[in-house]
Amino acid sequence: MTKLSVNINKIATIRNARGGNVPNIQQIAQDCERFGADGITVHPRPDERHIRYRDVYDLRPLITTEFNIEGYPSRSFIDLVLAVKPHQVTLVPDPPEALTSNAGWDTVRNADFLREVVAEFQKAGIRVSIFVDTDIENIKNAAKTGTDRIELYTEPYATDFPKDKALAVAPFAAAARAANEVGLQINAGHDLSLENLKYFHENVPYLAEVSIGHALISDALYFGLEKTIHLYKEELK
Ligand code: PXP
């Protein structure tokens, strides 16, 4: 069964707009779990424009499913993750000012750096996933960093899905097969939605987990959070 990890960054964005504690992200994280989410994802950025470092500490004891922290492995990020000890850390290559993650790692150019960071997290018992696109050589090189998983960057799939879904999903299915062959587990995320998730899940093998934020939180405005989480879980059956 592919797991659904709900990315709650958007909730923190709304909270931060007014400076108080509404909506309460701790309550919402727990409610997501109660409504069926298999995990909670947060992406603390250095400017703390949505999830703050403090939030990550506060959430840790409350999460009873899987806690996934994603981010660029700066020294401060690494120290945060080592202190909080989530189940999984997802490494993304985006610079601090990026609006959102917009590319996967170049696992050749960053091979030494990634190998060191992956080892540091694994020594602390934290599963590591690294964010990559569908380039097969790049994925084979990802395995050489020692990472446990990759997360496939699905924005290109979401963009191309309305034009030709078979064409859009083909590189992801091939990438997943290649990753499985070199012993990597597979996550996926970015711009997955109620429109495109089912087809992705049906056509990409070995999918351990999807992490979804923007579309899911937007859908919750119409359907409510509980119903929305059920709808996403249905797509993964
Ligand atoms: N995976 C990674 C690495 C991300 O940076 C994000 C966005 O924070 C997501 C998944 C979730 O993307 P979306 O918000 O489009 O569902």
Side-chain angles (χ1 to χ4, degrees), residues 2-14 16 25 28-29 32 37-52 55-56 59 66-74 77 81 86-107 110 114 117 121 127-134 142 147-161 172 175 185-198 200-201 204 207-221 225 228-229 231-233 235-236:
T2 303
K3 290 186 168 178
L4 170 67
S5 186
V6 175
N7 179 319
I8 59 169
N9 288 351
K10 282 280 145 28
I11 305 294
T13 305
I14 299 173
N16 295 355
I25 66 159
I28 289 190
C32 286
D38 305 296
I40 299 295
T41 292
V42 294
H43 189 151
R45 289 182 181 275
D47 63 6
E48 302 200 311
R49 64 176 180 264
H50 38 64
I51 292 291
R52 301 178 181 134
D55 291 327
V56 183
L59 284 164
E66 184 195 276
F67 196 27
N68 174 44
I69 307 178
E70 50 178 50
Y72 178 81
S74 61
F77 177 84
V81 174
H87 303 90
Q88 176 175 271
V89 62
T90 300
L91 307 180
V92 297
D94 51 320
E97 68 279 4
L99 194 59
T100 181
S101 307
N102 53 15
W105 285 97
D106 179 335
T107 56
N110 297 287
L114 286 171
V117 175
F121 285 130
R127 186 173 72 224
V128 184
S129 178
I130 66 177
F131 196 52
V132 291
D133 63 23
T134 54
T147 190
D148 305 283
R149 293 189 181 187
I150 53 166
E151 179 179 326
L152 292 170
Y153 171 45
T154 48
E155 193 268 345
Y157 163 73
T159 303
D160 294 341
F161 178 86
F172 289 85
Q185 298 174 302
I186 297 135
N187 295 344
H190 225 287
D191 294 299
L192 293 174
S193 68
L194 283 178
E195 187 195 5
N196 61 36
L197 179 61
K198 189 180 178 69
F200 190 83
H201 177 248
V204 177
L207 200 53
E209 178 181 299
V210 289
S211 104
I212 308 184
H214 186 82
L216 188 153
I217 301 302
S218 303
D219 288 333
L221 293 174
L225 191 55
T228 300
I229 290 175
L231 290 171
Y232 276 80
K233 292 275 292 181
E235 303 299 80
L236 295 170

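We count ligands from 1, going down the list as the structure has it; atoms in each ligand are counted the same way. Values below: every heavy atom of this structure, side chains too, minus hydrogens, waters and symmetry copies. Computed from a prediction, not measured in an experiment: that's the story for all the values here.
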Open item on the list: Closer than 4.0 angstrom, basic N to acidic O: yes or no for Arg45 and Asp47?
Closed with: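 So Arg45 does not pair with Asp47 through a salt bridge.
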- [ ] Return the protein residues near ligand 1 (heavy atom under 4.0 Å from any of its atoms), ordered by chain and residue number.
- [x]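 Within 4.0 Å of ligand 1, protein side: Asn7, Asn9, His43, Glu70, Val92, Thr100, Ser101, Phe131, Glu151, Gly189, His190, Asp191, Ser211, Ile212, Gly213, His214.
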TODO: Taking all non-hydrogen atoms of both residues into account, name the closest pair between His50 and Thr13 and its distance.
DONE: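 Minimum heavy-atom separation between His50 and Thr13: CB-OG1, 3.3 Å.
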- [ ] Decide yes or no for Leu197 and Ile212: does some side-chain heavy atom of the first lie under 4.5 Å from some side-chain heavy atom of the second?
- [x]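 Leu197 vs Ile212: side chains touch.
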Task: Minimum side-chain heavy-atom gap Ile8-Ile40 below 4.5 Å - done: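 Sidechains of Ile40 and Ile8: in contact.
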- [ ] For Ser211 and Ser5, indicate whether the former's side chain and the latter's backbone hold a donor-acceptor pair under 3.5 Å.
- [x]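 No, because the side chain of Ser211 does not come within donor-acceptor range (under 3.5 Å) of the backbone of Ser5.
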TODO: Could you check whether the rings of His190 and Phe131 sit parallel, tilted or perpendicular, using 30° and 60° as the cut-offs?
DONE: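 Aromatic pair His190/Phe131 classed tilted.
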